[in-house]
Amino acid sequence: MNTLNSTITSEANLPEETRAQKYDDKPAETVIEEGRTVGKPLASDPKFKLRNVEVFYGEARAIKNISLDIGRNEVIAFIGPSGCGKSTFLRCLNRMNDSIDICRVKGSLQLDDQDIYDPKRDVVELRARVGMVFQKPNPFPKSIYDNVAYGPRIHGLANRKSDLDDIVESSLRKAGLWDEVKDRLDASATGMSGGQQQRLCIARAIAVSPEVVLMDEPCSALDPIATAKVEELIAELSASYTIVIVTHSMQQAARVSNRTAYFHLGHLVEVNDTTKVFTSPEHELTESYITGRFG
Amino acid sequence: MNTLNSTITSEANLPEETRAQKYDDKPAETVIEEGRTVGKPLASDPKFKLRNVEVFYGEARAIKNISLDIGRNEVIAFIGPSGCGKSTFLRCLNRMNDSIDICRVKGSLQLDDQDIYDPKRDVVELRARVGMVFQKPNPFPKSIYDNVAYGPRIHGLANRKSDLDDIVESSLRKAGLWDEVKDRLDASATGMSGGQQQRLCIARAIAVSPEVVLMDEPCSALDPIATAKVEELIAELSASYTIVIVTHSMQQAARVSNRTAYFHLGHLVEVNDTTKVFTSPEHELTESYITGRFG
Amino acid sequence: MQTANLLPLVLVLAVVAYGLAYMRSRAVAEPLGGIRNLKSLPFYYAARAALWSAIPALIVLALWASFEGKVIQNVVMGSLPADLAPQSEGQASLTLSQISNVAAGKLDPALVPEGIAGAAGLLDSLRAQSSQFKAILVLLITVLGAAFAWTRVMPHINARENVERTLRGIFFFCAAVAILTTIGIVFSVIFETVRFFGKVPISEFLFGTSWSPQTALRADQVGSDGAFGVIPLFTGTLMISAIALLVAVPIGLLSAVYLSEYATRPVRAVVKPLLEMLAGVPTVVYGFFAALTVAPFIRDVAELIGLEASSQSALAAGLVMGIMIIPFVSSLSDDVINAVPRALRDGSLALGATQSETMKNVIFPAALPGIMGGILLAASRAIGETMIVVMAAGLAANLTGNPLDSVTTVTVQIVTLLTGDQEFDSAKTLAAFALGMLLFIVTLILNVFALKIVRKYREQYD
Amino acid sequence: MTDQRSQAEIVRQSLKRRYRKERRFRFYGIAAIGVALLSLVILFTDIIGKGYTGFIKTTITLDVVLDGEVMYLQDAADPEQLDMADFQAPIIRALQQYFPEAQDRRDVRELSRLAGSYASNQVRDLLKAQPELLGTTQTLEFLAHDSVSVYVKHADNPSYSIRLSEQQQRWVDQLVADGVIDTAFNDVLFSRGDSREPSNAGILGAIVGSLLTMVVTLVIAFPVGVAAAIYLEEFAPQNRITDFIEVNINNLAAVPSIIFGLLGLAVFIGLFGMPRSVPVVGGLVLALMTLPTIIISSRAAIKSVPPSIREAAEGIGASKMQVVLHHVLPLAMPGMLTGSIIGMAQALGETAPLLLIGMVAFIVEVPDGFFSSATVLPVQIYLWAGSAEQGFVELASAGIMVLLTFLISMNALAIWLRKRLERRW
Amino acid sequence: RDTVNIVGSSTVYPFATVVAERFGRNTDFPTPKLESTGSGGGLKLFCAGIGTQHPDITNASRRMKKSEFELCQSNGVKEITEVKIGSDGIVIANSKKAEKMDLTLEQIFLALAKEVPDPKGGDKLVANPYKNWSDIDAGLPNKPISVMGPPPTSGTRDAFVEIAMEGGCKKYDFIAKIKGEDKSKYKSICHSMREDGPFIEAGENDNLIVQRLAQDTDTLGIFGYSFLMENEGQIQASTVNGVEPTPDTIAAEEYPVARSLFFYVKKAHVGVVPGIQEYVQEFTTEGAWGDNGYLVDVGLIPNPRDVRMQTAKNVKELKAMTGQEL
Ligand SMILES: Nc1ncnc2c1ncn2[C@@H]1O[C@H](COP(=O)(O)OP(=O)(O)OP(=O)(O)O)[C@@H](O)[C@H]1O
Ligand SMILES: Nc1ncnc2c1ncn2[C@@H]1O[C@H](COP(=O)(O)OP(=O)(O)OP(=O)(O)O)[C@@H](O)[C@H]1O
Ligand SMILES: [Mg+2]
Ligand SMILES: [Mg+2]
Ligand SMILES: O=P([O-])([O-])[O-]
């Protein structure tokens, strides 16, 4: 442990010129070869099969020719410096990008061998299968019960009130929130603490029994205690769901994921087992990042 | 290096229960003793002398009895998990909290032995001496020149147009932006890239020759290349300014600062030389944080 | 059955259709293992049934109601003996009115010709038949629509799509109302405008410097020329609006600034609605105030300093109008000033700027597009105002730059021309329409410009 | 370092000047608000000063002997006789009780002009309803004649002309002293339609007309405006057509209201053949006029719904329409209501377009439906303000107060609704 | 439709409303609906055709014009009954605090016309040079000419121009001569009001004029007699040609600036819309328009009795106009 830290701090002790030099000599851009990802981007029998994905915001190319497989019941973490395209890529997986007018997606994206971007594809059904949790907790300004029940209701998942009650209870239980809120299901969700809200959002997402849960920096607005609870939850969920999590905390990635993907300026630089990425990254950009030379 | 990483990943490989257990056994709150900061919070002949500072948002106490000295021409980094009060504390130093209605500050805060919160104290003059750079670059929607010239103009620092030109040029040079913009000083600042905008904001801050520059996560919205440039700039400025920087990247703290302060839920847990904090933290919360057990 | 009774009945049936379809969709879902196996929620099948039963029926009802009268009228008229048969359309409407007044018992049947009394009987029976038939037809359509929807409750059919598309259509139609209104406005002034330009050359109208409907009031009164130049009207409008804006913009802006930057919360909560009341006071009140208090005062002051002033002046009207439109500027500016991102404010304050410097140099320019919007709204209200001008600035179309003179505005002329002694076919009355058209075009151009400017600004910020 | 020191010095020196500017700026702000509020106060004192007497009526209470002989009425149940009878006579007799000396033709005439012209009708209606009262003595309260009312209320106000003869003034003074002539709260104002006599004129017809018109306006403008805003904000593709609609809506907000009157005249009355002077047409015209305001404010309200809520719902698999109806609409509703109330307030005070569609009419009967002739409050005020009779001046001001009360309660309603519907997130 | 619809002159409106209100109160018919549209506007609506959407009666503060009659004819409004209800005096008044004026038609013309005969003599017209009353006649006060009057869109203005202005104008022989040669030139001389300030167009709100006179003692106002009657406390009328405007002098046509008031009934609607005939009858009873009728109270100047009798007779028969009399 001390070894790494000394590396970092020794770095900090370098004279300024040398530090600056390093970036200038080797501009990050030049090192990446487009479409080439080191590590293990592919999987057999994947849940998602993504090939040559490119995403444009207007003219700007935010995702540059990325190919990746995401396996069943795996927890994959996306890491990378700010603005590298993690969120953009994640949002392709359930077509949340559709609502951004200027956003165009190219390439082949398949969920269980069906094209996600097929124009005939029903987005509503897709999103029911691929749930999402956002960076900032965003509960509806309704009661706790109604928040969780909303998805099952619009998808007709419950025939009776009691069915619905069951779904709500089990979702809240899975999200580890049941004991805290079971006495005030009618209270407004906006009165909860940030961590509770985020867990509520997770409960809401899993209430429609999705196959995949996408999480975009789910803990970045939470304090350490709340973060711990959410991470705990992710670990539990990983048994039955495929989870894709974007995080800016390498430690978090290390704690929760099986595989980690490192993004850099729109490229997918490296994907590998989490242990592998953090112990012996193959690509030098990955190494620079996880050793803290930037980010 | 590998040692730490293996520590992290071995952590990730623990069975879920054990991981969860760890936080529950030792709730973060109980470990901290209020007002007690380990390490070296004090300095001789400090620029800022802050004693028993408490900050309230309405009823909520966001800063809990913090005492700290900030030396002359030192670069001090504030780190800690989200919501721990870094920004709140920083904004006390130039009374930017004044504009938040419900915010109240208690304790003694002195800049060069003069009370900052003295009701008779002139905020305008204070802020001219203690400049600030924000998380999101916030250039004024004016030309690049006007952005930098704004401060000198309102303070009447230049008697002639040529004086003003000189100030603008030297500030932009210090911010390492001169070569990139010297041909388009009349272009709108909002048309620049994020990194350029942030450096422009720094140039704007130093154009009034402050004694202290406060920076609240100045790189969190920037990509790695832009971040590198800003860090380089901080290193250069540290020769003539006192710099207080809030960052969520431990690596960044390690790279740019002389001293590091670790905040946790409103407490100042530990302050020490950066090398010391990152190599052998004294407090176990600090250790947990920098080894990535949360945050 | 009366349309008034039929309408609720159709709605009730639609609700019944809703209920039935809802139950059926649940029944269909039951063997499949619950409603999750339907393509859409039962609600949507039900809503579709309600829409299908109500909408066609309502359309038929509307059509029937609009043609029923004509048809019955023709039959009744046809039944009249030859000597009573109406010669003209107006006669027809009268005869019909007479018949229906008799039928309604408001006219004594003994006092009207026998044929009319007979027709009244016929009218009664026809009306009864028609409403019976209408009721049967409409109810039939309702039931058929519901029945069809019932048969279409199938698990693989996406009823949600249907319902949502219908709703979208309705929404689109509502958005189109704005366009229809514009078309309606153009339609309602265009014919008269064309006729006006048949009498007065367009160039004279646009570039003439004298406006005097007096001299051309009636063909037999005076046949003088050059009386329809709009330039004095537009300069008058411009002058009064400019004075009003000179009052309202500084007062409104400064109030807004004070309220949003300095005032405490409770002060703001009280003062803002108080200021808004200024816009709610009827303009007649302002008119009296301007004419009886402000105008004489201005004249006295002007005479005191040796200026010649009319007892009606653009200045008086403009000042009072300015007070009236203060809230448009203050409230809207207050909103946009509050909407300026905190980051900009902080950025300036952190440099050691005072609040007023921050306001003047940073916030104000950033809020400018929104403030412009408020000012534009205030200006359009000023352009459209008539009562104050009539009372305080008069009706004399002087081409003058002196605010102490009496002037008049475009809208005032439109109102006086249309509500005063009208002269069909005379250029005078038609001129009102031409003025309306011209004003419409001018505001349209202004708005296109405003949109362009705002767009341009918006690109520059953020 | 020295640089910093000297700069700090310069800053300190500039401060005095800058703080002076700051204070001046603040002062301007306060002055601006002061001017605006002062105007408001002046306007309101003016209105209330002129109008409070409008809420006072002058009554004259007499013991009337319903003598058949005097009235030439033998059988009060006979409609024919009722038509021919003279109901003024018993009132004059009752007054002569106080002034027995007034017997000649001129005196009788002057005496009869103390009670308002409805007095005889009141007697007739009483007998028509209760023929058995013929021959009894009844204590009846009549409205005083307008000139009596002006005299009683404004005798010492030089801007009113007293239209009573010396003798009448003496009589009235005595009757006031006797308590026969008295003042009371003017309930007539709130219970009757318009009249040519100020003391008989009421504002109820106009209030009901305004209500009916506003109902039509609200029922049309609110749903259409909200639906249009939803379409433009949520569904419309961003293209030239949307731009065109946007310019159009902004422009309609700027079209002088009288032009909407022309539209109503040409389209609703001319093309669709709807009747003149009815609340439906007035409501339609005003609805078209307020539509742009509602659309613009509703769009702003929709825009302010945080995208995170939208994303949350979409992320669960709600369709666009569900997102809008379940989440966006409820959250935007307070803002939409505010805009609508502002629009409605404008419509409530509008006169010009109604002039053209015939809602400026003398209508005595209180309207009983959307298709019966009616006027509205601002028109009634406008009509009264233009009438020759002195009594109408105060009535017009009283009417303005009623209108303002309407406005204030509408605003209060808006604030209350907004408070109720507002949700924090 | 079962309610009588009446449109037309704002001058007749106060009288017609009083009758309508009484009519509604004393009969079982609903109170007629009255709209004040101005004489011309009323005639336009009236002549637009027959049928329920068109008005039954229109009031006018001037006689129907030939062209209007023809429009009526062409739109199928064949039979129209004209009812002359009385007269209205147009007064020129000022504040009681000021000196009472004695004017002649000639002086009025000289004070208010756009062009007047050259004061230096000769048959020549010059732009109106008079600033003060005393410029016109040394006997008049030495005060600036300042007169408020109705706008050209009002019937009162029409009447004032036709009676007072033209009356003063044609006293000049050389102008009277023009009448024979070029009628329209004659009219343009006599009917044009000056636009250089002394004459102020004050809108249609006569109350406003009255209130301003009370404040502004140098100004005269032009309006109908009923406004004078209601405000005798504050304002006084000038005499014209030495005659004071009183009901008697106006009825006797001694006061020169008076005009007749009319209404027109659409015969085709009688018997269709209930109440028309009864309303007209109410209007033409002695109790209403007679010398002691209630209309006098609101300022109507009654016709001489013989005219009333004749008119009432015509009304009973609903005698139609031929168009010749116009
Ligand atoms: N709506 C948008 N319109 C235009 N450009 C966008 C939009 N959203 C993102 N971008 C751009 O796309 C790139 C990738 O953005 P993205 O949000 O995916 O980054 P990220 O890796 O999630 O960053 P962060 O860690 O800050 O969330 C960035 O350069 C960003 O500026
Ligand atoms: N304006 C405010 N009103 C009320 N509470 C506030 C306000 N600003 C911050 N807080 C609360 O004060 C605490 C400290 O917030 P602060 O912004 O200082 O944290 P931080 O360490 O800067 O976090 P981050 O890393 O997310 O920026 C938090 O609990 C936060 O919720
Ligand atoms: Mg992101
Ligand atoms: Mg912060
Ligand atoms: O309405 P007028 O009587 O002036 O035509």
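Chain letters run A, B, ... following the sequence lines, proteins first, then strands; residues in each count from 1.
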Task: Which residues share a side chain to side chain donor-acceptor pair (under 3.5 Å) with C:Asn361, sequence neighbours left out - done: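 If we apply the side chain to side chain donor-acceptor pair (under 3.5 Å) test to C:Asn361, skipping adjacent residues, there are no hits.
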Task: side chain to side chain donor-acceptor pair (under 3.5 Å) partners for C:Ser331, two or more places apart - done: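 Per chain and number, C:Ser331 pairs via side chain to side chain donor-acceptor pair (under 3.5 Å) with C:Glu276.
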Scan chain C against chain A and return every donor-acceptor pair whose distance is under 3.5 Å.
{"residue": "C:Arg26", "atom": "NH2", "partner": "A:Asn159", "partner atom": "O", "Å": "2.4"}
{"residue": "C:Ile35", "atom": "N", "partner": "A:Asn159", "partner atom": "OD1", "Å": "2.8"}
{"residue": "C:Arg36", "atom": "N", "partner": "A:Gly156", "partner atom": "O", "Å": "3.0"}
{"residue": "C:Arg36", "atom": "NH2", "partner": "A:Leu157", "partner atom": "O", "Å": "3.0"}

Could you go through residues 167-181 of chain C and list every donor-acceptor pair under 3.5 Å that involves a side-chain atom there, pairing it with any protein atom two or more places apart or in another chain?
{"residue": "C:Thr181", "atom": "OG1", "partner": "C:Val177", "partner atom": "O", "Å": "2.7"}

